[in-house]
Amino acid sequence: MPGDSERERYERLKREIARHDRLYFVEARPEISDRDYDRLVEELKVLEAAHPDWVTPDSPSQRVGGEPIADFETVEHRVPMLSIENTYAEEGLREWDERVRKLLESVPPSYVAEPKVDGVAIALHYEGGLFARGATRGDGRRGDDVTANLRTVRAIPLRLDPPDGEPLPPLLEVRGELFMPFGEFARMNEERRAGGLDPFMNPRNSTSGMLKHKDPKVVARCRLSFLAHSVGATEGLPVRAHAQLLAFLRGAGMPTVPLAACRDVEAVATHIRDFEKVRATLGYATDGVVVKVDDFRQRERCGETSKAPRWVIAYKYEAEQAATRLRDVRLQIGKSGAVTPVAILDPVPLSGTTVSRASLHNFSEIARKDIRIGDCVVIQKRGEIIPYVVRAIPEERTGAEQPIVPPTTCPRCGTPLVRAEGEVALRCPSPDCAGRLVERLKFWGGRRQMDIQGLGEKIVEQLVAAELVTDIPDLYALTAESLVSLERMGELAAANLLGGIAASRGRGLARLLAGLAVPHVGHKVAELLAERFGDLAAIEGASVEELTAIPGVGEKIARSLGEWLRSERGKALLAGLRAAGVKTTADRPGAPTGPLAGKTFVITGTLTKMSRAEAHERIRALGGRPGDSLTRKTSYLVVGADPGGKVEKAREFGVAVLPEDEFCRMIDSPPPAA
Ligand code: IVH
């Protein structure tokens with residue numbers, strides 16, 4: 001504008017550009033063309049070139065700068081980035097709603113529903129309103145610092161700018177999804193093809209590819225977008241519910257996912273059906289609806305498991321399907337002897353990978369769906385789960401299709417198969433079955449069990465075929481001489497495997513128990529048992545009552561474990577492991593120590609002096625165990641403000657009721673250890 005000083009024009013340009021970013025990304029109603037936008041940025045750069053001292057880090061010119069990055073630094077998430085429980089059916093949604101209402105006792109929750117954006121999760125840190133750092137989710141606890149790449153994303157504001165009068169939180173970690181809109185994905189793949197490069201599989205893959213690119217200039221050339229859906233570590237955020245949070249963020253210039261307020265589960269179900277019809281028009285990939293409890297205090301009451309908060313669930317729509325030819329059915333034997341059919345297919349691309357095998361579940365399913373060899377079949381993949389055969393397409397039949405006949409004997413050892421009462425799976429009952437043994441050995445050596453380096457599928461097959469290993473303890477008697485007799489086993493590989501086996505001796509009780517694959521005894525239970533008893537001998541000597549006294553260990557588990565431990569095979573296997581020098585004690589030997597050892601605590605209502613998570617932490621630190629559901633085994637019910645029906649239940653069960661004050665006194669000066 002004539003008469004403006006250069007400085008005024010510069011400041012106005014900066015504001016204009018930020019306003020257009022907001023119009024485009026937050027409000028989805030751009031006022032100017034991309035070209036005109038670029039002109040504004042060019043003009044700004046010209047002014048900055050003449051006055052380098054005017055440039056601040058939040059200037060639009062500062063989105064791309066610096067040189068390619070050698071390596072991304074690791075950053076720790078102060079608040080872990082958890083995942084979300086999934087459901088694929090309305091029934092699952094309703095069960096979740098019931099669980100939530102039970103947890104919240106008297107006050108029914110309001111829900112909010114948002115698209116589940118199929119992007120890449122990132123965390124953006126704002127300090128004093130300025131974008132300071134951005135990180136990938138990584139494993140949920142630690143991610144990569146990808147700040148330089150994220151600065152190039154115009155949808156991410158470099159400065160938060162709440163309306164006049166609204167406070168700016170000193171610290172704000174915004175979380176959301178980075179994604180590539182379909183239009184940009186198509187444009188980029190066209191460019192790649194023209195340049196002789198392989199096109200990207202899907203927008204999600206190309207987004208992660210871009211995010212991990214070492215040169216921010218390349219990232220800047222593609223228009224990634226971002227939608228916020230939650231927050232991590234924050235200080236001084238003036239909101240108490242999710243809808244308020246998103247409104248605050250939008251007001252400050254941050255694009256957020258669209259939100260639907262739902263007063264109850266009925267409204268959620270209706271929204272999910274409606275949204276399915278419109279989601280294809282959104283311009284970016286979504287794979288479901290995320291449903292959340294709106295109120296933050298209620299969320300706190302719901303709590304979380306180690307993997308996911310209880311106040312949120314993702315309803316996922318049916319996944320992509322593909323049609324292909326079923327060529328053959330192979331039989332697979334599991335570690336418990338279950339014989340399951342696997343479909344061998346003509347390879348077909350599906351949701352980003354090429355699929356040539358799929359699950360057929362079991363023979364009853366095959367009969368029910370009338371699937372035949374040679375059929376054209378529909379396959380589907382959901383989440384990380386392996387693809388499965390949904391149905392046959394009978395219209396495509398030529399008459400040459402062959403029925404699939406369930407086996408009567410084990411394909412590996414010839415033993416007649418059995419079907420247990422009430423079960424669908426066919427099972428090989430022979431404890432000596434080589435197929436079962438292979439699976440048990442693979443599981444024993446698996447990463448979450450004894451973690452034996454070098455013990456891959458091929459080697460296990462060879463060891464079993466050569467009868468060098470007839471049960472798990474034999475692994476520990478292997479020698480370099482016996483191993484090098486195997487085909488393609490050199491001295492180096494043999495030494496590596498022996499090293500891996502030797503190292504597994506010291507993994508400790510919890511992993512040993514998990515590795516045994518006793519029915520119903522998974523990792524969690526194995527850890528509980530190891531923590532409580534500390535020694536295998538103590539578990540062997542425990543009664544069903546002693547076992548079920550552990551919260552998380554029920555009758556079914558205790559009985560299954562007891563039977564296994566008393567069986568001849570079980571006893572022989574454990575004797576063999578002991579003889580082989582495998583450690584049978586826990587790293588933290590014995591029952592937990594501390595003044596609250598052996599005591600379990602359930603919290604109800606809202607604590608005023610600390611958060612629930614902090615209270616749980618204190619209980620654990622003093623040797624106690626925090627729990628969620630009140631049972632007759634609970635030692636104390638801690639009661640905060642607005643408690644619900646649990647207090648009455650505690651009285652009925654004879655469980656001691658502790659008001660918050662008394663609880664605080666107990667953890668501040670705990671009773672002497674028993
Ligand atoms: S809330 C722990 N809201 O989906 C809950 N997540 O599969 C915090 N996602 O890790 C996340 N859309 O990265 C939330 N509207 C939405 C979402 C969403 C996509 C992602 C998120 C999460 C993953 C779980």
Side-chain angles (χ1 to χ4, degrees), residues 1-69 124-134 146-174 178 184 215-228 234-238 247-256:
M1 213 171 274
D4 265 9
S5 75
E6 269 200 335
R7 183 63 194 243
E8 275 168 332
R9 205 168 99 229
Y10 174 69
E11 294 301 334
R12 227 210 356 260
L13 260 176
K14 252 172 87 170
R15 278 200 304 276
E16 265 302 280
I17 292 170
R19 190 174 75 87
H20 288 301
D21 282 342
R22 199 186 270 228
L23 282 170
Y24 189 97
F25 291 103
V26 182
E27 297 177 33
R29 48 179 189 96
E31 284 178 2
I32 58 173
S33 69
D34 284 2
R35 244 172 97 188
D36 288 341
Y37 177 91
D38 292 343
R39 278 201 196 106
L40 294 178
V41 178
E42 279 317 309
E43 205 181 326
L44 181 99
K45 284 187 181 158
V46 171
L47 286 169
E48 286 184 346
H51 306 278
D53 53 317
W54 291 357
V55 185
T56 53
D58 63 329
S59 162
S61 65
Q62 300 303 296
R63 287 203 176 270
V64 203
E67 290 308 303
I69 306 142
L124 309 171
H125 292 255
Y126 287 84
E127 288 169 12
L130 278 184
F131 176 54
R133 191 156 33 86
V146 284
T147 311
N149 285 345
L150 292 178
R151 285 185 73 86
T152 70
V153 177
R154 264 178 57 202
I156 297 176
L158 295 176
R159 170 191 287 283
L160 291 178
D161 192 12
D164 282 347
E166 272 201 47
L168 193 62
L171 197 75
L172 179 58
E173 181 193 339
V174 179
L178 186 73
E184 179 65 13
D215 188 354
K217 290 194 185 69
V218 175
V219 186
R221 282 204 291 273
C222 109
R223 187 174 291 182
L224 292 173
S225 200
F226 174 76
L227 290 172
T234 48
E235 274 167 29
L237 191 64
F248 172 83
L249 291 177
R250 260 194 314 277
M254 178 67 75
T256 69

Just by modelled atom types, is the R223 backbone N or O under 3.5 Å from a matching donor or acceptor in the E184 side chain? yes
I'd like to check E31 versus R19 (side-chain heavy atoms, cut-off strictly below 4.5 Å). Are they in contact? yes
Ignoring hydrogens and geometry, is there a side-chain-to-backbone donor-acceptor pair from E8 to S5 under 3.5 Å? yes
So do P157 and D58 actually touch side chain to side chain, heavy atoms under 4.5 Å? no
Heavy-atom pair with the smallest gap, counting every atom of A155 and S225: CB-OG, 3.9 Å
Check whether any side-chain heavy atom of L23 lies under 4.5 Å from a side-chain heavy atom of P30, and answer yes or no. no
dist T152:OG1 -> R63:CZ (nearest 0.5 Å) comes out at 8.0 Å
If you compare all heavy atoms of P68 against all heavy atoms of P216, which two are closest, and at what distance to 0.1 Å? CA-CD, 4.2 Å
So, for G134 and L150, which heavy atoms are closest and what is the spacing to 0.1 Å? CA-CD1, 3.7 Å
Does any N or O in the side chain of R22 come within less than 3.5 Å of the main-chain N or O of G251, such that one atom is a donor and the other an acceptor? yes
Heavy atoms of E127 and A132 approach each other most closely as CD-CB, 3.8 Å
Looking at D164, I want to see if its CG is surrounded by more than 12 non-hydrogen atoms of other residues, nucleotides or ligands under 6.0 Å. no
Any side-chain heavy-atom pair from T234 and P169 closer than 4.5 angstrom? no
For the residue pair I32 and E16, establish whether any side-chain heavy-atom pair is separated by less than 4.5 Å. no
Quick one: closest heavy-atom pair of V174 and A228, and the distance? CG1-CB, 3.5 Å
Minimum-distance pair of heavy atoms, taken over all atoms of L44 and S61: CD2-N, 4.0 Å
Could you give me the CA-CA distance, side-chain angles and deciding distance for R7 and E11, then say whether salt bridge (charged side-chain N to carboxylate O under 4.0 Å, His left out) is met? CA-CA 6 Å; R7 183 63 194 243; E11 294 301 334; 3.1 Å; yes
When rounded to the nearest 0.5 angstrom, what distance separates CG in L158 from CD1 in I17? 11.0 Å
S59 and its side-chain hydrogen bond (donor to acceptor under 3.5 Å, both in side chains) partner, picked from R159, K14, E48: E48
Is R39 salt-bridged to D36, cutoff N-O under 4.0 Å? yes
F131 vs Y126 aromatic rings, parallel, tilted or perpendicular, using cut-offs 30° and 60°? tilted
Do V146 and I69 pass the side-chain contact (heavy atoms from CB on, under 4.5 Å) test, and can you show the C-alpha distance, the side-chain angles, and the key distance before you say yes or no? CA-CA 9 Å; V146 284; I69 306 142; over 6 Å; no
Assess whether side-chain contact (heavy atoms from CB on, under 4.5 Å) is satisfied between F226 and M254, documenting all intermediate values. CA-CA 9 Å; F226 174 76; M254 178 67 75; 3.7 Å; yes
Gap between atom CG of L227 and atom OG1 of T256 - 0.5 Å precision: 7.0 Å
To the nearest 0.5 Å, what is the distance between NZ on K45 and CG on L47? 13.0 Å
Quick one: pull up CH2 in W54 and CD in E6 and give me the separation to the nearest 0.5 Å. 5.0 Å
Measure the CG-OG1 distance between L124 and T147 for me, rounded to the nearest 0.5 Å. 9.0 Å
